[in-house]
Amino acid sequence: MAVLDILKLPDPRLKQVSEPVTGFDAALQAFIDDLEETRQAGPAAVGIAAPQVGVFRRIVIIDCSTTRKPVPNHGHLILVNPEITHWEGYEPGREGCLSVPDYTGNVIRATQIRLSALDRHGEPVEYEMEGYEARAAQHEIDHLDGILFVDRVVSRRTDLFRRKVYQKGGKKNVTTKGTKNTKD
Amino acid sequence: MSENWRMLTLIGRDAPGIVAAVTGALADSGVTLGETSMLRLGGNFTIMMMVSGEADEARLRALLAPVIEARGMCLHVDPIEARLHEHLVPNVQVSVSGADRVGIVAQVTAALAEGGFNILDLDSDLAGTEAEPVYILLITGIATESVEQIEQRLAPLRAGGVSVNVTPIETYIG
């Protein structure tokens, strides 16, 4: 077990697209343990993706069971070759990243997703996720495609007020708004 | 990097190209930017920029004189104590809206201040129509009290017909 070094912006490797995992051998298990140890060492890190430690394989870990206010979640998840198969709804929320120290910003994410993946032993799994956990999965899967939250961040003035209005009318099928209002 | 920071505040009639003209003049003379914020307020261009470098106030004014004079803008330059890389992360958002009247911001922020709420970001705006203006106020900050306690502090506003939403901000880090 070891805490691995986190790649940080502007390291160009964070833009690299990761390759699917094909073998579930002992080396993979050891790496997943290291990735988890690194996640736990990161300040307040809820999730982590393999490319953040310079391993360009499609592996992410999320654990949304420890928020201040409990949110719907599936506990500690190791997701290998994850694919989002369904998106619904949009809402902004605040994100930060181990690879982008000292910056947080608002990002618009789907509020409900369906996701298929393999577990650490190669067994297929499927999850329906909502809210914060759906955000976590989208943030981490973005890393696998070389996308950082700063590539998606919207202005702090964008849409945060309207979000509440949408929620009162029901979270589903909300209109996506304001994504073009980013400010340089 | 020099720790010799100044806050440069620039105000004028809004038009395309102001940021480019201002930052271009600064960059050409090696002036470094720190954190900046540009907003359009009531049709006015406003920007505040942390700047640092060898240039003193007189030099900064000279650098920007052509842009300022051409566009009839106002400039303030103030020495500041500043540090970068010390962002605070908000944990609560307060949004308020209601029929416009004098004192909404004062009332909301006084209630928050009593509870030790540290405002990190505040925007307010007038929506609606001229006949029926609606005041909208958005605050994010760091609360030491619970959402319920803050709601209680703001309850008198709600009773006065103002809509108040207090929501926790759970920042995702990953």
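Because only heavy atoms are used, hydrogens play no part in the values below, and waters and symmetry mates are left out as well, while side chains stay in. Numbers restart at 1 for each chain; the letters A, B, ... are given by sequence-line order, proteins then strands.
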Engineer: Determine whether a donor-acceptor pair (N or O, by modelled atom type, separation under 3.5 Å) exists between the side chain of B:His87 and the backbone of A:Tyr103.
Structural biologist: no
Engineer: Does B:Arg59 CZ have over 12 foreign heavy atoms under 6.0 Å away?
Structural biologist: no
Engineer: Output the distance between atom CD (B:Gln93) and atom CZ (A:Arg94), rounded to the nearest 0.5 Å.
Structural biologist: 9.5 Å
Engineer: For atom CG of B:Asp78, is the number of surrounding heavy atoms from other residues, nucleotides or ligands below 6.0 Å larger than 12?
Structural biologist: yes
Engineer: Let me know if A:Ile62 has heavy atoms under 4.5 Å from chain B in its side chain, its backbone, both or neither.
Structural biologist: side chain
Engineer: So for A:Thr67, is it side chain, backbone, both, or neither that comes closer than 4.5 Å to the heavy atoms of chain B?
Structural biologist: both
Engineer: Out of A:His143, A:Glu95, A:His139, which one racks up the most heavy-atom pairs below 4.5 Å with chain B?
Structural biologist: A:His139
Engineer: State whether the number of non-hydrogen atoms from other residues, nucleotides or ligands found under 6.0 Å of B:Glu35 atom CD is greater than 12.
Structural biologist: yes
Engineer: Considering the options A:Glu140, A:Gln138, A:Glu133, A:Arg109, which one meets the side-chain contact (heavy atoms from CB on, under 4.5 Å) requirement together with B:Tyr172?
Structural biologist: A:Glu140
Engineer: Is atom CZ of B:Arg13 surrounded by more than 12 heavy atoms (other residues, nucleotides or ligands) closer than 6.0 Å?
Structural biologist: no
Engineer: Take atom CD of B:Gln152 as the centre, draw a 6.0 Å sphere, and report whether it contains more than 12 heavy atoms from other residues, nucleotides or ligands.
Structural biologist: no
Engineer: Working to the nearest 0.5 Å, report the span between OG1 of A:Thr104 and CG of B:Leu88.
Structural biologist: 9.5 Å
Engineer: Show the nearest heavy-atom pair for residues B:Gly174 and A:Cys97, with the distance to one decimal.
Structural biologist: O-SG, 3.0 Å
Engineer: Is it the case that more than 12 heavy atoms not belonging to B:Glu86 sit under 6.0 Å from its CD atom?
Structural biologist: yes
Engineer: Do A:Leu144 and A:Phe56 sit in one hydrophobic cluster, given that two such residues count as connected whenever their side-chain heavy atoms are within less than 4.5 Å of each other, even indirectly?
Structural biologist: no
Engineer: With a 4.5 angstrom heavy-atom cut-off, could you sort out which part of A:Pro43 is near chain B: side chain, backbone, both or neither?
Structural biologist: backbone
Engineer: Taking C-beta and beyond as the side chain, do A:Arg68 and B:Asn91 meet within less than 4.5 Å on heavy atoms?
Structural biologist: yes
